[in-house]
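Naming: A, B, ... by sequence-line order, numbering from 1 per chain. As a basis for the values below, the full set of heavy atoms in this structure was taken, side chains included, without hydrogen atoms, waters or symmetry mates.
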2 protein chains.
Amino acid sequence: MTEKTYHHGDLKNALIQAGIEILAKEGVAGLTLRKVARRAGVSHSAPYAHFPDKQSLIAAISTEGFNQLYTLLDAAILANTADPRQQLIAGTRAYTQFAIDHTDTFKIMFSSALEKEKEYPAFVEISQKTFERVVDVVRACQSAGVIRPGSPELLAVTIWGQVHGIISLALEGQIPHLVLGEHSIQEIVSFALGQMLQSQ
Amino acid sequence: MTEKTYHHGDLKNALIQAGIEILAKEGVAGLTLRKVARRAGVSHSAPYAHFPDKQSLIAAISTEGFNQLYTLLDAAILANTADPRQQLIAGTRAYTQFAIDHTDTFKIMFSSALEKEKEYPAFVEISQKTFERVVDVVRACQSAGVIRPGSPELLAVTIWGQVHGIISLALEGQIPHLVLGEHSIQEIVSFALGQMLQSQ
DNA sequence: ATATTATCTTGACACTGTCAAGATTTGGCC
DNA sequence: GGCCAAATCTTGACAGTGTCAAGATAATAT
């Protein structure tokens with residue numbers, strides 16, 4: 001339903017989709033406005049009818065990435081409503097898996113929008129919503145005595161930061177073979193989270 | 001001693017320096033080979049006598065960034081030889097401060113070299129050396145009973161990952177105002193580290 | 001049905017990374 | 001010292017990029 005349409009269809013979504021595909025196949029460096037247009041079967045400046053500039057397309061792609069991430073995260077959390085600790089573990093696992101499965105989308109989500117980030121309300125919204133979901137779980141963990149009292153937002157930043165940091169270092173090849181040779185990313189993240197929960 | 005030299009001098013270092021300056025003033029997006037050449041007072045393709053391509057220049061800039069980071073980190077550690085826990089705290093603080101003071105250099109160090117990273121031995125070396133320094137401190141902490149036994153490399157990844165992750169999220173504007181409004185990055189990192197040490 | 005608007009194409013511009021060819025300088029070697 | 005080879009730098013070119021202006025085409029509203 002996104003490609004049949006005659007002279008134009010919902011190009012906007014087609015462009016976002018094309019961008020995600022290029023990202024997956026050619027990486028961040030291969031993501032070009034003209035290439036996206038080509039892949040969507042449209043002239044090189046057609047995208048300007050839908051996005052004021054490249055940054056804006058990237059923001060849309062990032063937003064879509066966050067939507068997918070949120071969906072996965074939410075599903076993982078909902079699948080473990082009985083046990084807050086398990087919600088945190090499953091959520092973390094989902095987050096990590098998303099980064100592994102969509103490496104370059106993940107990279108662009110957390111790198112390019114930059115300071116102009118606030119100019120894209122949809123991005124800000126889903127980004128905050130995602131964070132809020134983490135805070136929810138932290139609160140549940142606090143109620144269950146799994147995490148000690150204190151600002152759930154601050155604690156969420158702490159936990160999210162650790163998971164995010166380990167993933168980032170791994171994706172950039174910064175984790176030495178000594179470690180990555182013996183443990184998968186999931187294992188390292190899981191170990192770190194376990195350590196963190198132990199201190200509560 | 002880097003600029004007097006007649007027709008050419010040690011252009012290589014001048015280019016690296018120019019790159020760092022541009023990074024500081026115009027950000028990652030503003031870092032252009034031709035701009036670097038211009039700033040070094042040289043023609044647009046002069047850099048090719050010293051770097052095979054742009055990636056290589058970026059690798060050199062990143063390497064220099066790591067050298068500076070290592071120096072700061074090492075100084076912080078050496079200033080607290082009496083107390084391993086304090087070494088970890090001071091090292092973390094130095095790392096964080098470097099990221100704050102040289103945001104775009106920090107970003108490029110951990111983002112662009114990418115998979116080709118292994119093609120730049122100097123980068124790999126200082127990068128590993130820096131990590132080893134963290135491992136050293138972790139070992140000292142273990143000896144002092146500040147950190148529990150276990151693979152110091154894995155524990156180092158855990159700690160470094162957390163610090164790095166919080167910094168990354170902060171630099172990308174991903175930490176909500178609820179948190180960043182009340183605490184500085186240094187405070188958040190410090191809080192996280194304190195939490196981590198408590199679990200040992 | 002016509003006029004307005006949204007969408008898309010074509011063509012251009014400055015800028016980028018990169019390469020080839022030539023000029024200039026340096027250093028080693030007689 | 002003077003010459004030759006290598007290193008260094010300049011000039012000019014190329015394809016590719018993001019972006020904009022002008023025009024063509026389709027959809028929508030009246």
Just the rounded figure in Å: distance from [atom2] of [N] to [atom1] of [X].
{"X": "A/Lys116", "N": "D/dG18", "atom1": "NZ", "atom2": "P", "result": "15 Å"}
{"X": "B/His50", "N": "D/dT8", "atom1": "NE2", "atom2": "C1'", "result": "6 Å"}
{"X": "B/Tyr48", "N": "C/dT18", "atom1": "OH", "atom2": "P", "result": "4 Å"}
{"X": "B/Phe51", "N": "D/dA7", "atom1": "CZ", "atom2": "C1'", "result": "15 Å"}
{"X": "B/Leu11", "N": "C/dT24", "atom1": "CG", "atom2": "C1'", "result": "14 Å"}
{"X": "A/Asn13", "N": "C/dT7", "atom1": "CG", "atom2": "C1'", "result": "15 Å"}
{"X": "A/Ile22", "N": "D/dT17", "atom1": "CD1", "atom2": "C1'", "result": "13 Å"}

Show me the side-chain donor-acceptor pairs of residues 32-41 of chain B shorter than 3.5 Å, one per line, residues at least two apart or across chains.
from	atom 1	to	atom 2	distance (Å)
B/Lys35	NZ	B/Glu26	OE1	2.9
B/Lys35	NZ	B/Gly30	O	3.1
B/Arg39	NH1	B/Glu21	OE1	2.2

Which nucleotide in the list [options] gets nearest to the side chain of [X]?
{"X": "A/Ser45", "options": "C/dT10, C/dC19, D/dT8", "result": "C/dT10"}
{"X": "A/Ala46", "options": "D/dT10, C/dT7, C/dT9", "result": "C/dT9"}
{"X": "A/His44", "options": "D/dT10, D/dT8, C/dT10", "result": "C/dT10"}

If you define the side chain from C-beta out and look only at heavy atoms, does anything of B/Thr105 sit under 4.5 Å from B/Gln68? no
Apply ring pair (Phe, Tyr, Trp, His ring centres under 6.0 Å) to [X] and list each qualifying residue two or more places apart in sequence or on a separate chain.
{"X": "A/Phe191", "answer": "none"}
{"X": "A/Phe51", "answer": "none"}
{"X": "A/His102", "answer": "A/Phe98"}

Polar-atom pairs under 3.5 Å, protein N or O versus N or O of nucleotides 13-16 of chain C: list them with distances, or write none.
from	atom 1	to	atom 2	distance (Å)
C/dT16	OP2	B/Arg38	NH2	3.3

Partner set under salt bridge (Lys or Arg N to Asp or Glu O under 4.0 Å) for B/Lys129, not counting sequence neighbours: none
